[in-house]
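What follows is a single structure, written as structure tokens, with notes after it.
Side chains are part of it too, since the values below use all heavy atoms of this structure and drop only hydrogens, waters and symmetry mates.
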Amino acid sequence: GELITAYGYGLENGSKVLNTVNYYTNEEISIPLDPTLSPMENAKNYFDKYNKLKRTYDALTVQLKETEEELAHLESIKNSLDIAVDENDLIAVKKELTEYGYMKRKANDSGKNKKASTKGSVKSKPLHYISSDGFHIYVGKNNYQNDELTFLLAEGGDWWFHAKKAAGSHVIVKSEGKELPDRTFEEAARLAAYYSSERDAQKVEVDYTLKKNVKKPAGAKPGFVVYYTNYSMMASTDITGITEVK
């Protein structure tokens with residue numbers, strides 16, 4: 001449209017093409033024209049088409065981002081199902097599926113049933129491990145627990161672990177103001193690798209950082225966080241030898 005506006009003044013009536021130089025690239029370009037329209041009307045058609053495509057692109061960009069976020073959310077819920085230990089864990093997953101509209105709430109899902117569901121979700125506890133060096137490690141089994149561990153249990157100086165670019169548990173190491181030994185870092189990373197959607201791999205890249213670096217965006221779904229300062233390590237998905245507290 002801009003090229004027609006700039007160079008279309010010399011076109012004859014009924015021209016089907018404008019051959020000119022694209023001043024953006026300094027290359028020859030042939031622009032198809034509607035011979036029944038004037039040069040300015042042809043330019044207007046191109047501008048209208050551009051604006052329509054731009055609106056479509058902008059709308060699809062937003063929709064694509066929302067879809068990617070929803071897929072990531074569903075992948076995290078799937079991981080919660082994979083690592084669920086008992087019925088209480090399943091109740092917590094059902095609660096999240098219902099809350100976000102993936103499951104319909106039953107008409108009788110109130111009163112006694114609602115209380116039972118709430119009670120069940122409260123009973124669902126994070127996994128608890130003790131590192132070989134005596135540090136307490138907590139592993140979220142669902143997105144609600146992940147939020148609770150990261151933003152209620154953990155303090156700024158505790159360490160946070162998560163499988164890189166994968167659905168998985170938030171893993172918190174309570175540092176109690178002490179410097180963690182390398183072995184505890186390695187064991188926490190192994191737990192993050194195992195309790196992730198990549199657990200079938202032999203090695204998983206795990207991000208870790210101080211809890212104070214982990215933030216939750218306003219309006220974000222359960223378990224979703226952002227962090228911009230972190231370390232990474234490759235960790236085994238074998239958690240043999242790490243003591244679980246029952």
Side-chain angles (χ1 to χ4, degrees), residues 69 72-73 75-86 89 92-93 96 124-217 220-246:
E69 290 175 352
H73 187 205
E75 184 67 24
S76 70
I77 294 175
K78 178 181 180 296
N79 189 67
S80 298
L81 285 170
D82 290 340
I83 65 176
V85 175
D86 54 34
D89 296 332
V93 173
E96 184 172 0
S124 179
K125 299 294 184 182
L127 295 165
H128 183 191
Y129 289 85
I130 298 289
S131 78
S132 299
D133 304 292
F135 289 88
H136 292 269
I137 306 175
Y138 296 90
V139 180
K141 289 186 288 182
N142 57 64
N143 286 323
Y144 293 125
Q145 287 183 8
N146 286 336
D147 276 355
E148 290 171 4
L149 287 179
T150 300
F151 299 107
L152 295 179
L153 175 70
E155 299 177 355
D158 294 335
W159 286 87
W160 181 91
F161 294 73
H162 193 282
K164 189 178 188 71
K165 295 182 179 179
S169 299
H170 293 199
V171 175
I172 295 294
V173 181
K174 297 293 292 179
S175 66
E176 299 179 354
K178 302 174 184 176
E179 183 175 345
L180 298 188
D182 289 345
R183 183 168 54 179
T184 293
F185 277 109
E186 181 263 336
E187 289 175 349
R190 283 163 55 196
L191 288 167
Y194 179 78
Y195 288 106
S196 79
S197 58
E198 301 298 311
R199 70 180 58 81
D200 291 333
Q202 290 186 342
K203 294 279 188 178
V204 174
E205 187 172 4
V206 173
D207 286 345
Y208 61 103
T209 186
L210 288 169
K211 182 269 172 184
K212 66 181 181 181
N213 297 323
V214 182
K215 310 297 180 184
K216 189 170 190 66
K221 291 180 173 64
F224 181 80
V225 298
V226 294
Y227 51 96
Y228 303 104
T229 302
N230 66 278
Y231 306 94
S232 296
M233 73 168 77
M234 295 301 297
S236 168
T237 53
D238 182 1
I239 61 172
T240 303
I242 306 176
T243 303
E244 182 177 1
V245 180
K246 297 294 187 178

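- Under the ring pair (Phe, Tyr, Trp, His ring centres under 6.0 Å) criterion, His136 pairs with His128, sequence neighbours left out.
- Counting heavy atoms of neighbouring residues, nucleotides and ligands inside a 6.0 Å radius, atom CZ of Phe151 exceeds 12 of them.
- Distance CG/Leu191 to CD1/Ile172: 12.0 Å, rounded to 0.5 Å.
- Legend: residues meeting salt bridge (charged side-chain N to carboxylate O under 4.0 Å, His left out) with Lys164, ordered by chain and number and at least two apart, are Asp207.
- Sorted by first and then second residue, the salt bridge (Lys or Arg N to Asp or Glu O under 4.0 Å) pairs with a member in residues 224-246 read Glu244-Lys246; sequence neighbours excluded.
- Between Val173 and Ser131 there is no side-chain heavy-atom pair separated by less than 4.5 Å.
- Residue pairs satisfying the salt bridge (Lys or Arg N to Asp or Glu O under 4.0 Å) criterion with at least one member in residues 150-161, sequence neighbours excluded, are listed as follows: Asp158-Lys174.
- In this structure, Trp159 and Thr184 have side chains that are not in contact, with every pair of non-hydrogen atoms separated by 4.5 Å or more.
- In this structure, the side chain to side chain contact (heavy atoms under 4.5 Å, CB included) partners of Thr209, at least two apart in sequence or on a different chain, are Trp160, Asn213, Val214, Asn230.
- Pairs of residues two or more places apart, or lying in two chains, that qualify as salt bridge (Lys or Arg N to Asp or Glu O under 4.0 Å) and include a residue from residues 128-145 are Asp89-Lys141, Asp133-Arg183.
- Under the side chain to side chain contact (heavy atoms under 4.5 Å, CB included) criterion, Val226 pairs with Lys215, Pro217, Phe224, Tyr228, not counting sequence neighbours.
- Residues His73 and Asn143 form a side-chain contact, since some pair of their non-hydrogen atoms from C-beta on lies under 4.5 Å apart.
- Remark: side-chain polar atoms of Ser175 are paired, donor with acceptor, to backbone N or O of Gly157 under 3.5 angstrom.
- Evaluation of the side-chain hydrogen bond (donor to acceptor under 3.5 Å, both in side chains) test over residues 197-206, restricted to residues two or more places apart or in two chains, returns Asn79-Arg199.
- Ala192 meets the side chain to side chain contact (heavy atoms under 4.5 Å, CB included) test with Phe161, Val171, Val206; sequence neighbours excluded.
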Check against side chain to side chain contact (heavy atoms under 4.5 Å, CB included), His162 and Val225: CA-CA 11 Å; His162 193 282; Val225 298; over 6 Å; no

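- Side chain of Thr237 to main chain of Ala193: no donor-acceptor pair is present (N/O by atom type, distance under 3.5 Å, no hydrogens or angles).
- Applying the side chain to side chain contact (heavy atoms under 4.5 Å, CB included) criterion to Lys178, with sequence neighbours excluded, gives Phe135, Glu176.
- In this view, Lys212 satisfies the salt bridge (charged side-chain N to carboxylate O under 4.0 Å, His left out) rule with no residue, not counting sequence neighbours.
- Residue-environment remark: OH (Tyr208) exceeds the threshold of 12 foreign heavy atoms within 6.0 Å.
- At distances below 3.5 Å, at least one donor-acceptor pair connects side-chain atoms of Glu187 with backbone N or O atoms of Ser132.
- With sequence neighbours excluded, no residue satisfies ring pair (Phe, Tyr, Trp, His ring centres under 6.0 Å) with Tyr195.
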